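Index from 1, following the sequence. Small disclaimer: the values here were computed from a predicted structure and weren't measured.
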Amino acid sequence: MKEYWTSLASLLGVLAFFQSLFQVIFPPELRFASLKFLNHVFNLFSSYCYFDITEIDGVNTNELYNAVQLYLSSSVSITGSRLSLTRALNSSAITFGLSNNDSIVDTFNGEMVLWEHVVTQRQAQTFSWRPLPDEKRGFTLRVRKKNKSLVLDSYLNYIMEKANEIRRKNQDRLLYTNSRGGSLDSRGHPWESVPFKHPSTFDTLAMDPVRKKEIMDDLKDFANGQLFYQKTGRAWKRGYLLYGPPGTGKSSMIAAMANYLSYDIYDLELTEVHNNSELRKLLMKTTSKSIIVIEDIDCSINLTNRKNNNNQSIKNYYDLDMRCGSGSVCGEDIGNSITLSGLLNFTDGLWSCCGSERIFVFTTNHIEKLDSALLRSGRMDMHVYMSYCSYPALMILLKNYLGYGETDLGDAVLKELEEVVVKAEMTPADVSEVLIKNRRDKEKAVRELLEALKIKAEENLKKQKNANEVEEEEQEKRALESPKEGCELEEEDCRQGKEMGGKKNC
Ligand SMILES: Nc1ncnc2c1ncn2[C@@H]1O[C@H](COP(=O)(O)OP(=O)(O)OP(=O)(O)O)[C@@H](O)[C@H]1O
Ligand SMILES: [Mg+2]
């Protein structure tokens, strides 16, 4: 062993001797030229070419360097043994990076490329307005010469796109609101934003799993559909109308959509918008990859039909009592001049296409109050009914709140739950309340839930009976008040029976 170390030391000594001899004999210019020549010869015979992407390009930060770092972070986190970790501003996620002088293999279109993270000490600082870091960092990309055009044409673009995607995913979602009315902030922006951290996801959303899957697939198709929309000449946007009773998860669904696609949300308060042109300006200031939400569309605006601008006829539909339910306070009559056609232009007209990849979501508790112009196909592409708690939805809530699967509950309890849940017409919000209240004692939670469902089912039955009785009484009253009408109906019925070949005895 000792002999090994002595021979290694003497070899290093000899090498150092020749290096200093080389430096003494050859002047620096000659040394540089010969190295350059050697490098040239090496490149000539090598089947690879190399791209250097430095962190700082002159004095500016090289965006491509940051993009490569982000892009490689996903594969590095799996394969790397030594990683550098960073967390960007406004981000709650950690990104992984190649550590100094480490390398990683990537594959693009079936071709292998090698990335190396090169970190060297910076030479003595030259004068710069901006202090430069002590280390010079960069990536070197090695590709086969035959793939050079592939890299320049598509691989680098692909990296930039992927990096943007990762950046957006890592960044906190934003929730924008126009609650400041028409006033602008110091940068001329009509929207105010706050970080959006709603925990609702499609996993936590209690609804029919088949319908849920349909919506998720539709969203994914939309997000990946740039080419499709281009090919078919359609604006890259999609509309969803969520309707159903209060507490069935319409707002939770919007949050789940935003979390699923990593989109920002623009919560448009129509009562704060004074006219159609203000609405248009708001739309122009939204970014792509966002969801524009108008909640309670039937409550927020006096929607007048485009052709029929006669307020009198609309009064029946949209007077305050109808809009907010009798007794509830919805504010004074809204004195703005947004019209239905303004709103339709916002979602559907030429203006809606400024920017792309946007989803419009309207919610309402009363779909029957909406103008048919708003409902026609192509406008709101998907109508989603958020229903009272169904059995599959109940199972999701039991799993989320109590950790119960179907096998954890007895057959008898499951059967009872299944029978009573539809009759009870309880909202997921009400069911959640019972479960949250008793979450420490799971058995008690199920017992109380069953009890609450039975009480509600009973009430509904009574209500239904009363309604039927009232209806019957009214029918009898009508029949007594206009016996002639009843006779005419009977005669008509009889005539139709005869025409169809029946032997009616009239
Ligand atoms: N389908 C659901 N899945 C899971 N949780 C739900 C669901 N529906 C309601 N909830 C629970 O009830 C609460 C209220 O629901 P949400 O605000 O989404 O209802 P909504 O349909 O938007 O009601 P509104 O019509 O009054 O705006 C939520 O915070 C959520 O915890
Ligand atoms: Mg809501």
Side-chain angles (χ1 to χ4, degrees), residues 169 172-177 194-225 237-270 286 289-300 347 357-370 374-375 377 379-401 421-422 425-433 435-436:
K169 272 212 173 108
D172 292 337
R173 307 276 89 68
L174 290 177
L175 172 65
Y176 292 90
T177 162
V194 287
F196 177 71
K197 290 189 172 166
H198 201 296
S200 172
T201 63
F202 277 106
D203 285 336
T204 63
L205 204 61
M207 66 183 292
D208 175 32
V210 178
R211 189 67 174 141
K212 193 194 286 190
K213 173 92 176 29
E214 269 171 26
I215 297 167
M216 289 168 79
D217 289 347
D218 193 73
L219 287 168
K220 262 282 163 285
D221 285 348
F222 169 77
N224 299 327
K237 64 188 177 60
R238 196 142 180 87
Y240 292 85
L241 175 72
L242 311 183
Y243 65 100
T248 49
K250 297 179 291 299
S251 305
S252 310
M253 161 80 86
I254 295 169
M257 284 173 157
N259 287 331
Y260 184 57
L261 294 178
S262 308
Y263 282 11
D264 291 332
I265 295 185
Y266 287 85
D267 186 11
L268 180 62
E269 190 58 63
L270 275 187
T286 58
K289 292 189 186 292
S290 57
I291 302 180
I292 299 169
V293 178
I294 303 181
E295 289 249 45
D296 299 318
I297 179 81
D298 54 310
C299 269
S300 28
T347 56
E357 206 179 342
R358 267 179 302 195
I359 292 177
F360 291 90
V361 181
F362 290 177
T363 73
T364 180
N365 296 141
H366 302 283
I367 193 171
E368 71 283 356
K369 290 187 192 174
L370 297 187
L374 205 61
L375 299 175
S377 60
R379 210 145 253 162
M380 290 288 117
D381 303 279
M382 214 172 179
H383 293 190
V384 181
Y385 175 55
M386 300 300 288
S387 66
Y388 288 114
C389 198
S390 61
Y391 181 66
L394 182 66
M395 287 297 111
I396 295 174
L397 289 175
L398 284 173
K399 184 157 187 288
N400 288 344
Y401 284 80
V421 72
V422 180
E425 293 194 340
M426 230 164 133
T427 63
D430 289 338
V431 172
S432 317
E433 264 324 298
L435 297 181
I436 290 176

Quiz item: Any donor-acceptor pair under 3.5 Å linking the side chain of K237 with the backbone of F360?
Solution: no

Exercise. Would you confirm whether N259, through its side chain, and H198, through its main-chain N or O, come within 3.5 Å as a donor-acceptor pair?
Key: yes

For [X] and [Y], which heavy atoms make the closest approach, and how far apart are they?
{"X": "V361", "Y": "M257", "answer": "CG2-SD, 4.1 Å"}
{"X": "L261", "Y": "I359", "answer": "CD1-CD1, 3.7 Å"}
{"X": "C389", "Y": "V421", "answer": "O-CG2, 3.4 Å"}

Exercise. Examine the side chains of E269 and T177 and answer whether a donor and an acceptor come within less than 3.5 Å of each other.
Key: no

Quiz item: Under the side-chain contact (heavy atoms from CB on, under 4.5 Å) criterion, do M386 and T363 qualify, and how do the steps go?
Solution: CA-CA 10 Å; M386 300 300 288; T363 73; over 6 Å; no

Self-check item: Heavy-atom check, side chain of I254 versus side chain of Y240, under 4.5 Å
Solution: no

Quiz item: Does the side chain of K250 reach to within under 4.5 Å of the side chain of N365, using non-hydrogen atoms?
Solution: yes

Quiz item: Taking atom NZ of K289 as the centre, does the number of heavy atoms from other residues, nucleotides or ligands within less than 6.0 Å exceed 12?
Solution: yes

Quiz item: Is the NZ or CZ atom of K220 both under 6.0 Å from the centre of the six-membered ring of Y260 and within 45° of that ring's axis?
Solution: yes

Quiz item: Can you say whether the rings of Y385 and Y243 are parallel (under 30°), tilted (30 to 60°) or perpendicular (over 60°)?
Solution: tilted

